[in-house]
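None of these values were measured; they are calculated from a predicted model.
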Amino acid sequence: MQTTVNIFGLLITWAVWIWLAIRRFEPVTNLVIAVAGGLAIIPVVFAGRWMLERQPDVRRAELVTTGVHYLIAIFLGSAIITATRFALESPTLPLPFPPWIGLTLMTLSGLALILAIINLVSRGRGAPFAIAITRVIVTDSMYAWTRNPMILSALALLVGLGIYIGSGLFLVWLLAVVSPAILVFLTFYEERELEIRFGTDYLDYKSKTPRLIPRKPESKD
């Protein structure tokens, strides 16, 4: 069942992204999709949380999480594609920063994202989103500083993209639409499903490590 959902989810996700990438829309349509795609994450989160609470066991949490992650990937990916296109085709609120600042931030955050993924794969025996549900709580390296280094790196990368293309409106969209939606996902869904799957191990990790903003790990001495 899990394998079937994964294959179906990947096919649908890539099909939607590719279709949006090659399809040409009017600027206002791109803007509507960018905003709606980001906001659509919120009802998905609350529907997923409702399904978790109906039967809070590990097997159901894994299945529901797979579906929730793919839906979020579809909506968020669609929003990013169309928001980027809108920013490129309809420059609004130009930024006073040179593009190299954005490119530098994209490079650094991209490297951090790769390191976080490697850390997750090697220690947590999982992969980003629903490709492979993590089997072990990862608490070392970047995950000792923040519980969500991948999301933090991805958001920084998008900030860098906005600076690189010189669009203040892109950064407004990121701040007003995407960031709150991601915070809702982390707070109301992900933390709860990790509690269900890992119990006290996750609660202990959660009590010591910040959700998003990095903090130096406490000394074990």
Next item on the list: Give a yes or no answer on whether the side chain of Asn148 reaches the backbone of Leu212 with a donor-acceptor pair at less than 3.5 Å.
Entry: no

Check: With side chains defined as the heavy atoms from C-beta onward, is the minimum distance between Arg192 and Pro56 less than 4.5 Å?
Finding: yes

Check: Are Leu183 and Ile42 connected in the hydrophobic side-chain network, where two residues link if heavy atoms are under 4.5 Å apart?
Finding: no

Note to self: Checking the side chain of Trp173 only, and the main-chain atoms of Ala34 only, is there a donor and an acceptor separated by less than 3.5 Å?
What the structure shows: yes

Notebook entry, point to check: Is it true that Trp145 and Leu157 fall in one hydrophobic cluster, defined by side-chain heavy atoms closer than 4.5 Å?
Noted result: no

Next item on the list: Inspect the surroundings of CD in Glu26 and state if more than 12 heavy atoms from other residues, nucleotides or ligands are less than 6.0 Å away.
Entry: no

Check: Do you know which two heavy atoms are closest between Arg60 and Met51, and how far apart they sit?
Finding: NE-O, 2.9 Å

Note to self: Let me check something: do Val64 and Phe46 share a hydrophobic cluster, defined by ILVMFWY side-chain heavy atoms less than 4.5 Å apart, either directly or through other members?
What the structure shows: yes

Check: Just by modelled atom types, is the Ile137 backbone N or O under 3.5 Å from a matching donor or acceptor in the Thr139 side chain?
Finding: no

Checklist line | Val184 side chain reached by Ile41 side chain, heavy atoms, under 4.5 Å | finding: no

Notebook entry, point to check: Under 3.5 Å, side chain of Arg197 to main-chain N/O of Thr134, donor-acceptor pair present?
Noted result: yes

Check: Taking C-beta and beyond as the side chain, do Val68 and Glu190 meet within less than 4.5 Å on heavy atoms?
Finding: no

Next item on the list: Return the set of residues passing side-chain contact (heavy atoms from CB on, under 4.5 Å) with Ile165 (not counting sequence neighbours), or none when no residue passes.
Entry: Ala87, Leu88, Leu161, Ser167, Phe170

Next item on the list: May I ask whether Ile196 and Phe188 are part of the same hydrophobic cluster, defined by side-chain heavy atoms of I, L, V, M, F, W, Y residues being less than 4.5 angstrom apart, directly or through others?
Entry: yes

Next item on the list: Just do the salt bridge (Lys or Arg N to Asp or Glu O under 4.0 Å) check on Arg49 and Glu191 with the steps written out, would you?
Entry: CA-CA 10 Å; Arg49 176 63 181 265; Glu191 292 180 7; over 6 Å; no

Checklist line | Inter-residue atom distance Ile117.CD1 - Leu120.CG, 0.5 Å rounding | finding: 8.0 Å

Notebook entry, point to check: Does Arg24 offer a backbone N or O that forms a donor-acceptor pair with the side chain of Arg85 under 3.5 Å?
Noted result: no

Check: Could you state the interatomic distance from CD1 (Ile151) to CG (Leu186), rounded to the nearest 0.5 Å?
Finding: 4.0 Å

Next item on the list: Examine Tyr70 together with Trp17 and report whether their ring centres are nearer than 6.0 Å.
Entry: no

Checklist line | Tyr143 atom OH: more than 12 heavy-atom contacts under 6.0 Å | finding: yes

Checklist line | Parallel, tilted or perpendicular: ring planes of Phe25 versus Trp19, cut at 30 and 60 degrees | finding: perpendicular

Item checked: Exam field: side chain Tyr202 to backbone Glu193, donor-acceptor pair closer than 3.5 Å -> no

Notebook entry, point to check: Any link between Phe97 and Leu158 through a network of hydrophobic side chains (Ile, Leu, Val, Met, Phe, Trp, Tyr) touching at under 4.5 Å?
Noted result: yes

